[in-house]
Amino acid sequence: MLIYGVALMGGCMLVGTFIGRTIGWLVGLNSDVGGVGIAMLLLVVISRYLIDREKFSKLAQDGIKFWAAMYIPIVVAMAASQNVVAAFNAGALAFIAGLGSVAAGFLLIRPIAALSPKSAEPSLAE
């Protein structure tokens with residue numbers, strides 16, 4: 001059943017939206033700044049933490065994997081519906097936020113990859 005994992009995803013979305021709106025308020029905007037991305041990172045980190053400690057059943061792990069796979073297309077669809085021209089006309093904040101998120105993504109690749117278990121690599125002698 002793919003319903004497993006929805007509570008974790010919903011909780012991550014609520015926390016991510018709260019943090020995104022708080023960041024928006026702190027920089028003087030009346031909008032969510034990166035809440036969906038923050039929620040996605042929370043989902044990855046928390047689910048990996050719980051799976052490594054065997055706190056999820058097999059059904060829950062399958063549900064988490066399904067929703068994690070669905071999350072990226074949802075984020076892309078949400079981003080496509082944003083008014084990019086209005087954001088750039090409003091100032092350089094959108095450009096700076098975009099560059100910052102790309103830079104953070106590049107910097108987080110290794111730490112997030114380090115969270116996954118090491119697979120046995122085949123040796124060249126075989």
query = Would you say the side chain of K58 lies within less than 4.5 Å of the side chain of D62, judging by non-hydrogen atoms?
reply = yes

Could you give the side-chain donor-acceptor pairs of residues 18-26 under 3.5 Å, partners two or more places apart or in another chain?
from: T22; atom 1: OG1; to: F18; atom 2: O; distance (Å): 2.7

query = Taking only residues at least two apart or on different chains, which pairs with a member in residues 27-48 satisfy side-chain hydrogen bond (donor to acceptor under 3.5 Å, both in side chains)?
reply =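 Listed once each, the pairs are R48-D52.
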
inquiry  = Which residues end up grouped with I109 if you chain together Ile, Leu, Val, Met, Phe, Trp and Tyr wherever their side-chain heavy atoms are less than 4.5 Å apart?
reply    = V102, F106

Members sharing I96's hydrophobic cluster (side chains within less than 4.5 Å) =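 For I96, no cluster forms, as it stays isolated from other hydrophobic side chains.
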
query = For the hydrophobic clusters of this structure (ILVMFWY residues joined by side-chain heavy atoms under 4.5 Å, transitively), does one cluster hold both I46 and Y49?
reply = yes

Donor-acceptor contacts, no H, no angles, side chain residues 10-17, under 3.5 Å, sequence neighbours left out:
from: T17; atom 1: OG1; to: M13; atom 2: O; distance (Å): 2.7

Partner set under side chain to side chain contact (heavy atoms under 4.5 Å, CB included) for I112, not counting sequence neighbours = L41, V44, L108

